[in-house]
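First up is the structure itself, then whatever we jot down about it.
Both counts, for ligands and for their atoms, begin at 1 and track the order of listing. Given the structure is predicted, the values throughout are model-derived calculations rather than measurements. Numbering of residues begins at 1 and proceeds along the displayed sequence.
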Amino acid sequence: MSGSCGFLAPCFFKEELNLKTVPEIFGSLVFDDRVMKDRLPAHVYSAMQNTIEGGHRLDPAVADVVANAMKDWAIEKGATHFTHWFQPMTGITAEKHDSFITSAPDGGVLMEFSGKELIKGEPDASSFPSGGLRATFEARGYTAWDPTSYAFIKDKTLCIPTAFCSYSGEALDKKTPLLRSMQALNKQAMRVLKLFGNKDVTSVRAFVGAEQEYFLVDAEMAEKRPDLLFCGRTLFGAKPPKGQELGDHYFGVIKPRVQAFMNELNEELWKLGILAKIEHNEVAPAQHELAPIFSTANVATDHNQLTMEIMQKIAKKHNLLCLLHEKPFAGVNGSGKHNNWSIATNTGINLLKPGDTPYENAQFLLFLCAVIKAVDDYQGLLRASVATAGNDYRLGAHEAPPAVISMFLGDELTEVLDAIEQDKIYEGAEKTEMKLGVHILPKFIRDTTDRNRTSPFAFTGNKFEFRMLGSSNSIAGANIMLNTAVAESLKQYADRLEGKEDFETALHAMIKKTIKDHKRIIFNGNGYDDAWIKEATEQRGLLNLPTTPDALKMLLEKENMDLLIAHKVMSETEIRSRYEIMTENYVKTVSIEAMTMIDMTRKLILPSVENYVTGVANSFIAKSAVLPKLSGKYEKAKIAKLSDLEENIDTAVTALEKMMPELNRMADLTVASHFVRDSVIPQMSALRIFCDEAETVTAKAFWPVPTYEELLFSVK
Ligand code: ADP
Ligand code: MG
């Protein structure tokens with residue numbers, strides 16, 4: 001086969017790989033700006049732009065034209081259905097497919113999609129968690145189109161990103177409060193920018209790049225483990241002889257099977273307009289990471305949800321199971337999600353980037369201080385936003401940030417702030433008297449890149465990296481809290497500075513005050529050090545909230561509620577409902593894990609150990625028939641050891657079994673969550689210790705499920 005190019009190799013490769021260039025496939029399944037420009041009449045296109053950029057309502061007649069163009073485009077791409085795609089409080093996305101068909105008078109069908117259907121949907125949503133928000137008589141919440149996130153095609157279905165609300169207007173999803181928090185941030189940041197004389201900026205938005213960690217294990221192995229199937233993590237498993245000790249996996253050569261998965265994943269994500277950029281192996285064996293190029297917080301949230309979904313789907317095609325759990329394997333690093341966050345103007349200025357002129361620097365310092373103040377004032381809310389049963393196993397386990405929130409700024413920037421606070425000369429590369437508006441910041445600050453991986457909240461040169469998120473978390477929660485808390489700092493600044501005659505002096509005083517009041521939150525040292533936790537809590541008075549129930553309680557603190565209510569991000573009812581949903585989720589998750597443990601112990605582990613013991617006993621009997629004087633020392637010791645373990649396992653599992661009906665009887669969710677934290681989880685750990693020990697003394701052929709070794713090193 002030589003083909004028309006006369007050269008065997010290149011044509012062969014092109015045909016074999018069926019290559020299209022990345023720009024050709026990028027966004028090919030997205031109804032993005034390019035498609036709108038191309039397919040919508042000019043006045044409709046500009047009406048859409050007004051809606052996307054300015055949040056103006058779309059005229060119903062215009063919506064009809066958009067809907068029709070969307071439908072035609074989607075059908076050309078092979079779509080047959082549409083769905084309002086939303087993010088209920090379950091943390092995963094929801095969709096109910098509706099086909100475009102309507103019956104035609106001639107007995108055939110027409111393909112139709114109206115503006116009304118585009119703008120509003122009414123899924124029968126009574127089964128989604130609402131934390132008591134929706135009385136059953138108004139169980140039908142509605143979905144409303146979010147035109148700031150493009151529609152896309154997935155599995156032959158046109159997906160329309162939407163918000164999900166109850167008929168009385170309460171948010172039942174993660175997107176609505178996120179959009180509201182972005183509005184709050186925009187409003188207050190615009191006030192501050194006006195004070196700096198900015199005239200051309202019309203909006204400020206939060207930008208996010210979410211680095212996603214995950215594990216890949218062989219699907220056939222995983223299917224043999226009920227814990228992985230039901231809980232997404234192993235509930236048992238003895239430590240393998242080799243784990244991550246050698247550090248040879250991080251950035252290591254990617255194995256062919258994993259690379260094939262990554263290639264297909266990238267292609268699918270690119271088609272959906274997701275800017276998948278970086279891929280590499282992570283610290284633990286079988287652990288990997290994907291990072292996209294950042295986008296607005298809203299789009300980043302949608303894209304991260306899609307990324308997680310598509311990772312799992314593509315993994316299946318490669319006979320792999322993608323684990324997004326925060327701690328799939330004990331004794332091996334867990335997975336997180338780094339939320340890189342910045343704020344920028346519509347004119348493309350990153351407000352967290354140190355500038356070149358004194359004026360820009362003063363503005364940078366003000367926004368920097370706004371974040372410092374926000375993180376200190378609302379530590380509890382930030383911690384609550386990442387609180388899940390899974391993340392509790394990771395935070396504070398010396399592999400991820402501790403459960404105490406602090407900020408890393410780097411030594412240089414910290415010294416600059418110290419100099420401002422104390423009216424001192426900054427002794428950097430060039431001596432600088434830190435009077436804002438007069439001197440520029442030393443240049444090198446801009447190059448300060450953080451390699452302190454132990455900090456939960458690190459400044460990395462032009463953005464903050466919030467590292468406490470768990471790998472399966474929706475990033476909406478963290479960004480809702482971050483946006484709103486920063487909006488509040490900016491509001492207080494604007495309130496104080498507006499109308500001040502001597503702006504520069506007032507600004508300087510305010511920055512000084514922020515540093516003085518909030519410097520306790522700044523910590524550049526080792527966050528994994530136990531001495532830090534002691535210092536943080538005992539000397540600095542920072543919050544240490546190690547478990548989900550401790551953290552979720554923060555949602556109900558008066559000052560935290562006041563913040564969310566004042567900025568119209570959530571009403572009190574919405575906050576209380578979220579508290580309930582998150583608490584219920586914690587209780588349910590652990591309770592499923594406990595039930596799975598009981599099941600595996602009774603049906604798999606104990607019978608297997610028993611089989612092995614019987615085997616050893618039988619072998620002794622058989623051998624004794626041949627050698628009547630055989631001491632049986634080995635066999636007897638083995639039988640004694642395993643019988644002992646069996647008894648301990650039985651006692652521990654019986655205690656756990658007894659707890660379950662007790663838990664189910666608890667009507668109060670908070671009480672139940674405390675019972676889970678204080679009784680169920682410790683009992684699960686106790687049971688696990690005996691089972692894991694039994695694994696180490698039972699012959700492999702008898703062990704009922706694949707081992708850690710097999711799971712972590714099976715993918716070649
Ligand atoms: P590292 O692993 O060193 O933390 P990466 O390069 O893997 O860094 O990831 C950094 C992430 O931060 C990427 O998703 C990137 O797009 C994102 N990012 C970069 N600049 C910004 C910014 N200004 N605002 C928000 N996110 C950003
Ligand atoms: Mg990072």
Side-chain angles (χ1 to χ4, degrees), residues 26 178 181-182 185-186 189 203-214 247 249-252 254 262 265-266 269-270 273-284 287-308 311 333 335-355 360 363-364 367-368 370-371 374-375 399-401 407-410 413 445-469 471 473 475-476 478-480 482-483 486 527:
F26 190 82
L178 177 65
S181 74
M182 289 175 75
L185 183 66
N186 175 46
S203 67
V204 171
R205 286 183 295 184
F207 285 82
V208 173
E211 298 164 59
Q212 177 72 48
E213 291 179 346
Y214 60 97
H249 194 254
Y250 191 54
F251 284 8
I254 298 173
M262 286 178 171
L265 174 65
N266 284 335
L269 295 177
W270 289 335
I274 296 172
L275 294 152
K277 169 89 172 150
I278 297 164
E279 60 192 23
H280 61 80
N281 286 349
E282 260 297 330
V283 174
Q287 192 185 30
H288 313 279
E289 178 182 303
L290 179 143
I293 297 175
F294 64 97
S295 50
T296 60
N298 170 35
V299 170
T301 304
D302 287 359
H303 282 181
N304 183 250
Q305 293 296 130
L306 276 173
T307 301
M308 291 193 285
M311 275 179 166
N333 266 17
S335 295
K337 181 142 55 192
H338 292 174
N339 189 83
N340 294 272
W341 179 93
S342 66
I343 30 183
T345 67
N346 64 313
T347 52
I349 295 163
N350 178 353
L351 297 168
L352 292 176
K353 189 172 165 183
E360 284 168 358
Q363 187 176 291
F364 158 72
F367 279 97
L368 181 77
V371 184
V375 174
E399 56 172 271
M407 293 173 91
F408 171 92
L409 291 184
L413 196 49
I445 283 171
R446 201 191 264 196
D447 301 325
T448 301
T449 41
D450 150 66
R451 289 294 145 215
N452 179 339
R453 301 248 151 207
T454 66
S455 175
F457 204 98
F459 182 66
T460 48
N462 61 359
K463 61 183 159 70
F464 278 97
E465 189 168 337
F466 186 23
R467 299 188 178 130
M468 281 176 117
L469 286 79
S471 48
N473 283 172
I475 62 169
N479 289 297
I480 290 168
L482 199 47
N483 292 340
V486 174

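Atom CG of residue Asn350 and atom CZ of residue Phe294 lie 7.0 Å apart, to the nearest 0.5 angstrom.
Some N or O of Glu211 is nearer than 3.5 Å to an N or O of ligand 1, by distance alone. The shortest N or O to N or O distance between Phe294 and ligand 1 is below 3.5 Å.
With sequence neighbours left out, Asn186 forms a side-chain hydrogen bond (donor to acceptor under 3.5 Å, both in side chains) with no residue at all. In this structure, the ring pair (Phe, Tyr, Trp, His ring centres under 6.0 Å) partners of Phe457, at least two apart in sequence or on a different chain, are Phe464, Phe466.
Close approach to Asn350 involves these atoms of ligand 1, each under 4.0 Å from a residue heavy atom: 23 (N). Counting the atoms of ligand 1 from 1 in the order shown, those under 4.0 Å from a heavy atom of Pro292 are 13 (C), 14 (O), 15 (C), 16 (O). Taking every non-hydrogen atom of Ile293 and a distance limit under 4.0 Å, the qualifying atoms of ligand 1 come out as 16 (O).
In summary, the side chains of Asn304 and Lys337 do present a donor paired with an acceptor at a separation below 3.5 Å, with no hydrogens or angles considered. A donor atom on one side chain and an acceptor atom on the other are not found under 3.5 Å apart for Glu282 and Asn333.
In this structure, Glu465 is part of the shell of residues with a heavy atom less than 4.0 angstrom from ligand 1.
Between Gly209, Ser342, Ala206, Ser295, it is Ser342 that holds the heavy atom closest to atom 24 (N) of ligand 1.
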